[in-house]
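Everything on this sheet refers to the single structure shown next.
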Number of protein chains: 2
Amino acid sequence: MNDKNDDLSSAEAEAGLPGDPVLFKVLTEISIISNLADREFERLMPGGLTLAQFGVLNHLLRLGVQQTIGEIASAMQVAQPSMSSTVKKLTEKNYVDLIPDTEDRRVKRVKVTPAGRAARDRAVKAVAPGLAALKDGTPGADWKAMLGELTRLRILIDSVR
Amino acid sequence: MNDKNDDLSSAEAEAGLPGDPVLFKVLTEISIISNLADREFERLMPGGLTLAQFGVLNHLLRLGVQQTIGEIASAMQVAQPSMSSTVKKLTEKNYVDLIPDTEDRRVKRVKVTPAGRAARDRAVKAVAPGLAALKDGTPGADWKAMLGELTRLRILIDSVR
DNA sequence: GCCTATTATATAGATGTCTATATTTATACG
DNA sequence: CGTATAAATATAGACATCTATATAATAGGC
């Protein structure tokens with residue numbers, strides 16, 4: 001089941017190496033968590049919806065809008081070609097339709113289909129217990145405070161580019 | 001330069017959407033930071049060393065050992081085929097050699113070459129200023145505390161699999 | 001009006017990651 | 001001893017992500 005870390009001594013330790021700077025270790029943990037969370041999400045989603053794809057559906061449905069590929073890419077903080085790829089997958093699954101703009105024929109607006117809405121609702125239900133379990137498993141954690149610090153860190157890294 | 005988020009209102013806000021659970025937003029930020037940090041690292045590394053590749057060199061050199069692909073995969077918390085791929089790239093760059101085990105011919109031990117050591121030293125020097133800048137840019141942040149919480153979160157997610 | 005610059009999207013090629021599976025070698029048991 | 005199981009690595013096929021570049025269409029300047 002856990003094929004990657006049967007060794008408790010490393011599983012329960014901080015990531016990275018003793019001599020690494022603390023901030024480097026933080027980034028190492030972040031990288032690992034990102035991968036683990038992605039896969040855990042997709043494991044809960046046998047319907048074949050990836051986290052990237054869910055993100056797009058969730059985004060559009062919450063806002064209740066149609067958006068261009070560029071707008072969605074910006075909102076999700078990914079490059080435009082990445083979003084082109086994700087939208088293409090969603091189109092193949094009939095979870096979104098591409099609505100051409102009659103005034104500007106370069107533009108296609110992404111519109112979630114009823115099947116897409118249903119898929120997103122299933123995803124939310126499938127993931128909720130896992131999120132609750134994480135919350136329960138970290139009683140003392142102040143996620144709001146951490147969110148604030150992570151956001152600062154993200155903006156800082158982003159500003160350097 | 002920044003082709004993904006010229007819109008300050010979104011760049012300076014928390015990631016995710018207002019209605020998302022806090023923990024979900026945390027994971028969203030983590031995913032974004034992971035990508036940003038990866039690319040920033042590789043941008044500083046024109047010598048063509050990726051973060052994954054650096055991680056292997058750094059790991060082996062700090063410990064001063066040779067390890068099998070499986071051991072390295074476990075230490076870096078990635079699946080074995082991922083590590084096979086990374087080691088293959090390092091081999092092509094002559095940054096590591098594969099030493100066959102005469103007693104167990106299934107095993108190959110990864111050994112960093114002098115060129116690999118030099119590449120890692122260059123990487124450390126190239127990244128240090130960036131890490132310092134991040135530290136300076138977040139004066140009030142308690143990275144040690146955050147590392148502790150991230151580690152708990154990572155272990156929790158890991159245990160669910 | 002025409003040529004140029006900008007914008008929106010798509011394509012190509014690379015990396016890392018995963019799961020599932022194949023291959024090779026070692027170990028264990030009847 | 002021979003067969004079956006286990007272990008270490010490799011291969012195949014998917015995704016997501018990136019950068020660089022191509023294509024198409026709008027907008028602007030002369």
Side-chain angles (χ1 to χ4, degrees), chain A residues 1-4 6 31-43 45-46 48-56 67-74 76-93 98-110 158 161, chain B residues 1-4 6 31-43 45-46 48-56 67-74 76-93 98-110 158 161:
Chain A
M1 189 166 295
N2 184 334
D3 59 336
K4 295 194 216 127
D6 300 329
S31 170
I32 293 171
I33 291 172
S34 177
N35 282 326
L36 288 178
D38 272 19
R39 268 177 300 122
E40 180 60 12
F41 181 95
E42 284 154 31
R43 188 183 71 77
M45 204 80 349
L49 195 63
T50 68
L51 185 51
Q53 291 162 23
F54 168 80
V56 172
Q67 282 188 328
T68 68
I69 286 174
E71 286 168 344
I72 303 172
S74 180
M76 313 289 285
Q77 297 257 317
V78 299
Q80 167 266 309
S82 305
M83 191 49 60
S84 277
S85 169
T86 298
V87 167
K88 195 176 180 182
K89 302 284 166 61
L90 286 170
T91 304
E92 288 162 2
K93 290 173 178 165
L98 294 181
I99 312 295
D101 185 319
T102 50
E103 291 176 12
D104 184 341
R105 283 178 300 175
R106 293 171 302 181
V107 172
K108 302 171 182 175
R109 288 208 168 63
V110 181
D158 196 67
R161 297 188 301 174
Chain B
M1 188 167 293
N2 184 333
D3 59 337
K4 290 192 224 132
D6 300 329
S31 170
I32 293 171
I33 291 171
S34 177
N35 282 326
L36 287 178
D38 272 19
R39 269 176 300 122
E40 180 59 12
F41 181 95
E42 283 154 31
R43 188 181 71 78
M45 203 82 350
L49 196 63
T50 68
L51 185 51
Q53 291 162 22
F54 168 80
V56 171
Q67 283 188 327
T68 67
I69 286 174
E71 287 168 344
I72 303 172
S74 181
M76 313 289 287
Q77 297 257 317
V78 299
Q80 168 265 310
S82 305
M83 191 49 61
S84 277
S85 168
T86 299
V87 167
K88 195 175 181 184
K89 301 285 165 58
L90 286 169
T91 304
E92 289 162 2
K93 290 174 178 165
L98 294 180
I99 312 294
D101 185 319
T102 50
E103 293 176 11
D104 185 342
R105 285 179 300 175
R106 295 172 301 181
V107 172
K108 301 170 181 175
R109 287 208 168 63
V110 181
D158 197 65
R161 296 187 302 175

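Keep in mind that this is a model prediction, so the values were computed, not measured.
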| task | Would you sort out whether A:Ile69 and A:Val107 count as a side chain to side chain contact (heavy atoms under 4.5 Å, CB included), showing the intermediate values? | result | CA-CA 8 Å; A:Ile69 286 174; A:Val107 172; over 6 Å; no

| Is the shortest side-chain N to carboxylate O distance from B:Arg39 to B:Glu42 below 4.0 Å? | no

| Using 4.0 Å as the upper bound for N to carboxylate O, is an ion pair formed by A:Glu92 and A:Lys89? | no

| request: Report the residue (A:Gly70 or B:Pro81) whose heavy-atom-nearest nucleotide on DNA chain C is the more 5′ of the two. | output: A:Gly70

| field | Contact nearer the 5' end of DNA chain C, comparing B:Arg105 with B:Ser85 | value | B:Ser85

| query | How long is the line joining NZ of B:Lys108 and C1' of C:dT24, in whole Å? | reply |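 In whole Å, C:dT24 C1' and B:Lys108 NZ are 10 Å from each other.
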
| said: Looking at the base of D:dA10, is there any donor atom on it, or on the side chain of B:Gln80, that sits under 3.5 Å from an acceptor on the other one? | reply: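 In this structure, the two groups form a donor-acceptor pair.
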
| Base C:dT7 to side chain A:Arg106, donor-acceptor N/O within 3.5 Å cut-off |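 Between C:dT7 and A:Arg106, which were checked side chain against base, a qualifying N/O pair under 3.5 Å is present.
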
Side-chain N or O of [X] closer than 4.0 Å to phosphate OP1/OP2 of [N]:
X       : N      : answer
A:Lys89 : D:dA16 : yes
B:Gln77 : C:dT17 : no
A:Lys88 : C:dT11 : yes
A:Thr50 : D:dA16 : yes
B:Ser84 : D:dA10 : yes
B:Thr86 : C:dT15 : no

Among the nucleotides [options], which one has an atom lying closest to any side-chain atom of [X]?
X        : options                : value
B:Gln53  : C:dT15, C:dT9, D:dC18  : C:dT15
B:Asn35  : D:dT11, C:dT17, D:dT17 : D:dT17
B:Val107 : C:dG16, D:dT9, D:dA7   : D:dT9

| message | Consider side-chain contact (heavy atoms from CB on, under 4.5 Å). Of A:Thr86, A:Val78, A:Val56, which one does A:Ile72 pass it with? | response |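 Of A:Thr86, A:Val78, A:Val56, side-chain contact (heavy atoms from CB on, under 4.5 Å) with A:Ile72 is met by A:Val56 alone.
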
| query | Counting only N and O atoms by type, is there a donor-acceptor contact under 3.5 Å from the side chain of B:Thr91 to the main-chain atoms of B:Val87? | reply | yes

| field | 5' precedence on DNA chain D between B:Asp104 and A:Ser82 (nearest-nucleotide basis) | value |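 In this pair, the answer is B:Asp104.
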
